[in-house]
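Input: a single structure, listed below in structure tokens.
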Amino acid sequence: MFRALLTSRLQAAFTAAGIQLPEGFSVSVVIASDTRYGDYQSNAAMTLAKQLKTNPRALAQQVADKLDVTDLCSKTSIDGPGFLNFTLSAEALAQRLALITQDDHFGVPQVEQTKRIVIDFSAPNIAKPMHVGHIRSTFIGDSLARVARFVGHDVITDNHIGDWGTQFGMILHGWKTILDHEALDKDPIQELVRVYKAVNAQTKADEAVLTTCRNELVKLQQGDPDNMEIWTRCVALSLEQLRQIYGQLDVHFDHYLGESAYNDKLAPLVEDLLTNGIAEISDGATCVFFRDVPELADKPCLIRKSDGGFLYATTDLATIDHRINDWMADEIWYVVGAPQELHFRQLFQVAKKRGQTTRMQHIAFGSILGQDGKMFKTRSGESVGLLEVLDEAVERAAAVVAEREGLTDLEKTQIAEVIGTGAVKYAELSQHRMTDYKFSWDKMLALQGNTAPYLINAYVRTKSIFRKLDGEVTLTPDLTITEAAERALAIKLAQFAETTHDVLLDFRPNLLASYLYELADTYHSFYEACNVLRSEGAVRNTRLTLCEATSRVLKAGLGLLGIRTTERM
RNA sequence: GCGCCCGUAGCUCAGUGGACUAGAGCAGCGGAUUUCUAAUCCGUAGGUCGCAGGUUCGAUCCCUGCCGGGCGCGCCA
């Protein structure tokens with residue numbers, strides 16, 4: 001990619017100019033923010049001059065004299081207080097373009113060191129419907145998994161479903177007293193939710209019910225056959241429904257290892273921690289204290305309740321063991337909401353105490369808020385169901401597709417599905433993961449402007465051109481980039497490589513989303529300015545190559561966001 | 001009380017690892033098509049980048065304080 005190439009060339013120029021780089025100083029070249037001066041820029045001379053207390057422009061000149069980029073750039077310049085600017089040559093761009101149309105990875109370099117990365121995301125609870133709150137973890141996690149795989153990592157996706165929580169006390173009691181079997185056959189989750197809510201309400205009114213529920217839970221945890229059977233059925237029913245939703249979303253997991261998978265590991269784990277002196281008993285509960293970590297000094301991590309029950313952190317620790325010991329994970333990424341930041345800091349500290357050096361990363365994200373600006377309450381309050389959102393999205397897309405001509409009903413249905421779900425995914429992924437946002441139907445389901453259909457439409461436009469060619473696609477290396485719109489598109493296409501790698505630097509799919517939007521925007525402008533089919537010779541060939549490259553990058557890029565494309569719309 | 005995150009156009013949000021006019025979308029206004037299918041394009045209008053200091057040649061971006069909002073802080077997950 002150009003950024004990496006220019007960076008190493010610039011680095012070499014510093015060395016050739018005999019300039020000693022201070023410890024920790026790295027020469028950086030970035031895509032130009034102001035394209036008036038060039039396509040790439042570096043402020044290395046300015047930042048270095050500051051440290052060395054010399055004149056930045058003079059330093060830049062010294063380096064520029066030694067810079068050898070004639071094979072990449074048609075022009076380099078020193079501007080303003082000492083910016084080094086690079087303008088790519090038409091030849092270099094043309095070469096790059098050809099590569100994008102041929103390379104399996106569209107010119108995106110593979111990582112030098114492949115890592116085995118376990119990504120933990122989505123993690124819905126059994127016996128509860130997925131709601132909009134699951135959108136973020138599911139889509140961000142899925143996208144990061146796709147990007148990590150694409151650049152060469154060995155990724156394991158694991159859905160750590162909540163199949164062993166205290167909610168089962170209520171469900172078990174409800175199952176035995178108020179379950180409607182007919183309703184269960186019809187819509188299992190809906191019936192389980194009804195039961196759960198009903199019992200939950202009972203416990204509020206009657207303490208005795210709460211006690212009964214607790215007893216049911218204890219019996220389950222002790223392996224009571226009846227309760228185990230009910231639990232097994234609940235899990236099976238829920239999983240079936242979950243898989244269906246994931247299928248619709250095109251999200252796939254290598255494993256569905258829920259909390260229950262670690263049940264028999266918890267007691268030995270806690271014993272082990274006590275034996276090693278990592279954990280201690282405090283007020284009857286088993287805790288790990290972090291007295292040497294100031295910010296956690298008064299925030300112990302609880303791993304066993306005074307009644308002997310295990311906790312969230314206990315299961316997570318056992319899960320870490322499994323991922324490290326059995327899966328040989330080099331890294332573990334947790335795509336979980338920001339409110340759980342403290343939990344993960346504690347968890348990682350415990351792992352550290354246990355001598356585990358695997359890199360663990362909490363990829364946090366902000367909350368989806370209701371219209372009142374407060375978090376959707378998953379426990380008591382109402383939230384919007386994920387299925388409901390998807391159905392509505394597909395419906396709205398279908399209304400638009402219905403007016404199109406030349407499409408069969410089946411095609412229309414498929415297009416509406418791709419566009420509807422794509423719109424929902426894009427609405428999430430185009431947003432910075434840390435910002436909270438208010439849930440809005442209109443935003444989530446918009447089909448115009450900066451949305452999935454806008455990007456898919458650009459792809460469709462590339463496809464329709466090749467359809468008109470009717471097989472006559474003979475792209476030759478004979479490229480001449482002359483028009484401004486052609487050049488702008490070529491440069492955008494080349495930046496796919498940088499963007500894809502940047503996504504993983506800070507786990508931000510929205511960088512890719514906004515890149516793809518810009519690419520589509522640039523393509524739409526190119527499309528208006530440069531007619532492809534009516535042009536001739538090398539110009540036509542160049543434009544066709546641009547279309548082909550755009551087509552490939554859009555499809556691949558959207559694919560990395562988990563968004564599918566259609567050939568027509 | 002302590003900690004974390006956020007505060008950018010009417011609305012919803014990007015962005016900036018320091019450059020002259022801070023970007024999109026939606027909503028508003030004005031244009032473009034007997035097309036390579038307009039879910040498009042072009043133009044226009046709209047912001048003292050929460051407030052106050054500090055560092056710097058230069059800060060929306062870094063530092064400090066404050067204000068506003070969200071979330072978290074021992075037996076839920």
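Reminder, nothing fancy here: chain letters follow the sequence lines and each chain counts from 1. Please read these numbers as outputs of a predicted model, since none were measured by experiment. Computed from heavy atoms alone, side chains included, the values below leave out hydrogens, waters and symmetry copies.
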Hey, is the side chain of [X] poking within less than 4.0 Å of OP1 or OP2 on [N], counting only N and O atoms?
| X | N | value |
| --- | --- | --- |
| Lys305(A) | C76(B) | yes |
| Ser464(A) | U37(B) | yes |
| Arg345(A) | G3(B) | no |
| Thr435(A) | A14(B) | yes |
| His432(A) | C13(B) | no |
| Ser525(A) | C42(B) | yes |

Counting only Watson-Crick pairs (N1-N3 plus N6-O4 or O6-N4) and G-U wobbles (N1-O2, O6-N3), all under 3.5 Å, who is the partner of [N]?
| N | result |
| --- | --- |
| A45(B) | none |
| G10(B) | C26(B) |
| G3(B) | C71(B) |
| C20(B) | none |
| C51(B) | G65(B) |
| U60(B) | none |

Would you mind classifying the nucleic acid contact of [X] as base, sugar-phosphate or nothing, using non-hydrogen atoms under 4.0 angstrom?
| X | value |
| --- | --- |
| Asn85(A) | base |
| Leu302(A) | base |
| Tyr454(A) | sugar-phosphate |
| Phe310(A) | sugar-phosphate |
| Arg461(A) | sugar-phosphate |
| Tyr437(A) | sugar-phosphate |
| Pro453(A) | base |
| Ile456(A) | nothing |
| Val401(A) | base |
| Asp283(A) | base |

Whole-Å distance separating the [atom1] atom of [X] from the [atom2] atom of [N]:
| X | N | atom1 | atom2 | result |
| --- | --- | --- | --- | --- |
| Tyr312(A) | G74(B) | OH | P | 15 Å |
| Asp298(A) | C73(B) | CG | C1' | 8 Å |
| Glu341(A) | C71(B) | CD | P | 16 Å |
| Asn510(A) | U12(B) | CG | P | 18 Å |
| Lys128(A) | A77(B) | NZ | C1' | 8 Å |
| Asp436(A) | C71(B) | CG | C1' | 8 Å |
| Glu403(A) | U37(B) | CD | P | 19 Å |
| Leu447(A) | G25(B) | CG | P | 16 Å |

Which one, [options], comes nearest to the side chain of [X]?
| X | options | answer |
| --- | --- | --- |
| Gln340(A) | G15(B), A77(B), A19(B) | A77(B) |
| Asn125(A) | A77(B), C73(B), C75(B) | A77(B) |
| Gln41(A) | G70(B), A19(B), U12(B) | A19(B) |
| Lys468(A) | G70(B), U12(B), U37(B) | U37(B) |
| Leu511(A) | G15(B), G25(B), C41(B) | G15(B) |
| Glu528(A) | A77(B), C41(B), U35(B) | C41(B) |
| Glu259(A) | U37(B), C20(B), A77(B) | A77(B) |
| Ser514(A) | C75(B), C42(B), A14(B) | A14(B) |
| Ser306(A) | G15(B), G74(B), C75(B) | C75(B) |
| Ala285(A) | G74(B), U12(B), G3(B) | G74(B) |

Between Tyr517(A) and A24(B), do the rings stack, that is, sit under 5.5 Å apart with planes less than 30° off each other?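 According to the criterion (under 5.5 Å, under 30°), no, Tyr517(A) does not stack.
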
Rounded to whole angstrom, note down the [atom1] distance from [N] over to [M].
| N | M | atom1 | answer |
| --- | --- | --- | --- |
| C11(B) | A27(B) | C1' | 8 Å |
| C51(B) | U56(B) | P | 23 Å |
| C2(B) | A9(B) | P | 30 Å |
| A22(B) | U48(B) | C1' | 13 Å |
| G43(B) | G7(B) | C1' | 32 Å |
| G68(B) | G74(B) | P | 25 Å |
| U21(B) | G47(B) | C1' | 13 Å |

Got more than 12 heavy atoms from elsewhere within 6.0 Å of CZ, Arg214(A)?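 Check fails, neighbour count at 12 or below.
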
Got a sec: does the NZ of Lys555(A) have more than 12 other heavy atoms crowding it under 6.0 Å?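 Count not over threshold, so no.
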
Given RNA chain B, 5'-ward residue of the pair Ser28(A) and Gly309(A), judged by closest heavy atom: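 Here Ser28(A) is the residue nearer the 5' end.
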
With nearest nucleotides of RNA chain B determined for Ala338(A) and Val30(A) from heavy-atom distances, which residue corresponds to the more 5′ nucleotide?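 The residue closer to the strand's 5' end, by nearest nucleotide, is Val30(A).
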
Does [X] reach the side chain of [Y], with side-chain heavy atoms less than 4.5 Å apart?
| X | Y | value |
| --- | --- | --- |
| Met130(A) | Thr138(A) | yes |
| Arg461(A) | Leu554(A) | no |
| Lys353(A) | Asp292(A) | yes |

Tell me if the side-chain of Ser282(A) makes a donor-acceptor pair with the base of G74(B), cut-off 3.5 Å, by modelled atom types.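 Side chain to base: pair present.
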
Does the pair Asp39(A) and Lys75(A) meet the rule for a salt bridge (Lys or Arg N to Asp or Glu O under 4.0 Å), with working shown? CA-CA 10 Å; Asp39(A) 303 316; Lys75(A) 190 185 128 199; over 6 Å; no

Could you check whether Asp502(A) pairs with Arg3(A) (Lys NZ or Arg NE/NH1/NH2 to Asp/Glu carboxylate O, under 4.0 Å)?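 Looking at Arg3(A) together with Asp502(A), the answer is yes, because their closest N to O distance falls below 4.0 Å.
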
Would Asp436(A) and Arg136(A) pass as an ion pair if we require N to O under 4.0 Å?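 No salt bridge links Asp436(A) with Arg136(A).
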
Mind checking whether Tyr454(A) and Tyr517(A) have parallel, tilted or perpendicular rings, split at 30° and 60°?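 Geometry flag for Tyr517(A) against Tyr454(A): tilted rings.
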
Measure centre to centre between the rings of Tyr334(A) and Phe344(A), then say whether the value is under 6.0 Å.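 So the answer is yes for these two rings.
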
